[in-house]
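We use all heavy atoms of the structure for the numbers below, so side chains are in, but hydrogens, waters and symmetry mates are not. In this chain, residues are counted from 1 in sequence order.
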Amino acid sequence: MLPAGLKVKMGKFLSDIGYLNNQHPHTWDFADQNLAYTALLGDHGLADTGLQLTWLAPTPFYALFGLEALQGKEQERFGALVDEELNHDTIDENNMLGSFAEQKAGPRMNTLFAKFAPDLGSNHALQWGFSYAQATQYQQLLDEDEIAQTGDEMALDGKQTLIGTDIVYKWDGAGQYGQGDFKVIAEYLTLKKDMSVVASGAGATINIGSNVTGKQDGYTLQASYGIAPRWQVSLRHDATGNTNELNNAGNKVSFKDSSRNSLAVSFYASEFSRLRL
């Protein structure tokens, strides 16, 4: 902790973008990750090694601002880099045009976030958040026939930008062991990627240097209620791909969306154990 409301964190940690990203699986209201995070960030969200600086502003309401510089290593979705061996196994180097892009040194990912919470009294809590993240290097392989070394494969290199917003409301029911407590969470993420073809097989349909862009989004809406002491019921509707397209040098390709509804019933046997259906 530093003076003037400043705080520094270093090491490997879950990023504070969004509302759900910095929560560990044992604190989730559901047993699995929501679809928006799974598609855009990965099953474990955005976690990496780096540095975080936050500032708690001296305002009459809660206002937290933060930034992060992350190495960008071993990411599952956002800022993911293609393994060098996979590049060589996919594209025939004897008939390859261009060359594979070198992986930049870290930090390769930067984030900004802000969280605001007005004072609504002892029983109510409301928080609104805004997040921005950029992966300065992102790599992808395109293989139209999904058969390696047939000439249509392409290696792409570029960057990704993620913007998100979230709102959370909590009601303290003042009952024993969570009875009457209510919580609702809404979060939306949208992702853009801007890449160029850096290497390809001789039969690829897109020329070296051509621009390839993409857009994808996702959201989650979930609510939880304490129906009895130690018992909680949760409902969730989540979706990804309402916007889901790839623009290959002017050739736009759209992909289907995915959505689902989930129900969870949880029993908190103690502070350290929980049973869930």
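For the pair Ala204 and Met154, the tightest heavy-atom approach, listed with the atom from each and the gap, is CB-CG, 3.8 Å. Of all heavy-atom pairs between Gln137 and Glu102, the closest is NE2-O, 2.9 Å. Shortest non-hydrogen contact noted between Phe116 and Ala63 is CD2-CB, 3.9 Å. Residues Gly121 and Asp119 share a closest heavy-atom pair of N-OD1, 3.1 Å. Across all non-hydrogen atoms, the minimal contact from Glu187 to Leu20 is OE1-N, 3.4 Å. The two atoms that bring Trp28 and Gln23 nearest to each other are NE1-O, 3.1 Å, heavy atoms only.
Of the N and O atoms on the side chains of Asn248 and Asn251, not one donor lies less than 3.5 Å from an acceptor on the other residue. At a cut-off of 3.5 Å, with distance as the only test, no side-chain donor of Lys193 or Gln216 sits close to an acceptor on the other residue. A donor atom on one side chain and an acceptor atom on the other are not found under 3.5 Å apart for Asp43 and Gln33. A donor-acceptor pair shorter than 3.5 Å cannot be found between the side chains of Glu245 and Ser254. Judged by distance alone, the side chains of Ser234 and Gln232 do bring a donor and an acceptor atom under 3.5 Å apart. For the 3.5 Å distance criterion, the side chains of Asp145 and Thr150 qualify, holding a donor opposite an acceptor. In this model, no donor atom of one side chain and acceptor atom of the other lie less than 3.5 Å apart for Gln127 and Tyr169. Defined by atom type and a distance below 3.5 Å, a donor-acceptor pair is present between the side-chain atoms of Arg276 and Ser266. Remark: the Asn21 side chain and the Asp16 side chain contain no N/O donor-acceptor pair separated by less than 3.5 Å. Side-chain contact of Gln179 with Tyr177: a donor-acceptor pair under 3.5 Å is absent, judged by distance alone. Gln149 and Thr90 form no side-chain donor-acceptor contact under 3.5 Å, judged by distance and modelled atom types alone.
Under the 4.5 Å side-chain heavy-atom criterion for grouping Ile, Leu, Val, Met, Phe, Trp and Tyr, Tyr225 is connected to Trp171 within one hydrophobic cluster. Residues Leu46 and Tyr132 fall into different hydrophobic clusters, defined by Ile, Leu, Val, Met, Phe, Trp and Tyr side chains chained together at heavy-atom separations under 4.5 Å. Residue Leu67 is not grouped with residue Leu64 when hydrophobic side chains (ILVMFWY) are merged at heavy-atom distances under 4.5 angstrom, including chains of intermediate members. Met195 and Met96 sit in two unconnected hydrophobic clusters of ILVMFWY residues. Membership requires side-chain heavy atoms under 4.5 Å apart, directly or through other members. Connection of Leu40 to Phe255 is not established within any shared hydrophobic cluster, with ILVMFWY side chains joined at heavy-atom distances below 4.5 Å, either directly or through further cluster members.
Between the side chain of Asp29 and the main chain of Ala223, no donor-acceptor pair closer than 3.5 Å is present. Without hydrogens or angle criteria, Lys115 side chain to Gly18 main chain gives a donor-acceptor distance under 3.5 Å. Under the 3.5 Å distance criterion, the side-chain polar atoms of Ser196 are left unmatched by any main-chain donor or acceptor of Val198. Formation of a donor-acceptor pair under 3.5 Å by the Asn34 side chain with backbone atoms of Tyr37 is found in this model. Of the possible polar contacts, none joining the Asp166 side chain to the Ile185 backbone as a donor-acceptor pair under 3.5 Å is found. Formation of a donor-acceptor pair under 3.5 Å by the Trp128 side chain with backbone atoms of Thr165 is not found in this model. Looking only at distances, no side-chain donor or acceptor of Glu153 sits under 3.5 Å from a matching main-chain atom of Ile91. Using a distance-only test at 3.5 Å, with no hydrogens or angles considered, a donor-acceptor pair links the side chain of Asp181 to the main chain of Gly173. No side-chain donor-acceptor contact under 3.5 Å links Asp194 to the backbone of Lys159. Looking at Thr240, its side chain does come within 3.5 Å of a backbone N or O of Asp217 through a donor-acceptor pair.
A salt bridge links Arg260 with Asp32: the closest approach of a Lys/Arg side-chain nitrogen to an acidic carboxylate oxygen falls below 4.0 angstrom. Salt-bridge check for Asp48 with Lys73: failed, with every basic side-chain N at 4.0 Å or more from each acidic carboxylate O.
With rounding to the nearest 0.5 Å, the separation of CG in Asp257 from CG in Asn244 is 8.0 Å. Between atom CG of residue Asp152 and atom CD1 of residue Ile147 there is a gap of 8.5 Å, rounded to the nearest 0.5 Å. Put simply, CG on Asn261 and CD on Gln222 are 12.5 Å apart, with the number rounded to the nearest 0.5 Å. The distance from the CG atom of Asp157 to the CD atom of Gln139 is 5.0 Å, given to the nearest 0.5 Å. Ile163 CD1 to Leu191 CG: the interatomic distance, rounded to the nearest 0.5 Å, is 10.0 Å. Taking CG of Leu277 as the start and CG of Leu263 as the end, the distance is 7.5 Å to the nearest 0.5 Å.
Aromatic ring centres of Phe65 and Phe130 lie farther apart than the 6.0 Å criterion allows.
Annotation: cation-pi geometry satisfied between Arg236 and Phe30 (NZ/CZ under 6.0 angstrom from ring centroid, within 45° of ring axis). Within the cation-pi definition used here (under 6.0 Å to the ring centroid, within 45° of the axis), Arg230 does not qualify as a partner of Phe267.
In this structure, the side-chain contact (heavy atoms from CB on, under 4.5 Å) partners of Ala47, at least two apart in sequence or on a different chain, are Leu14.
Between Val168 and Leu126 the shortest side-chain heavy-atom distance does not fall below 4.5 Å.
Classified by interplanar angle (parallel below 30°, tilted 30° to 60°, perpendicular above 60°), the ring pair Phe100/His88 is perpendicular.
Hydrophobic side-chain contacts under 4.5 Å tie Tyr188 into a cluster, directly or through other members, with Tyr219.
Within a 6.0 Å radius of NE2 in His44, no more than 12 heavy atoms belonging to other residues, nucleotides or ligands are found.
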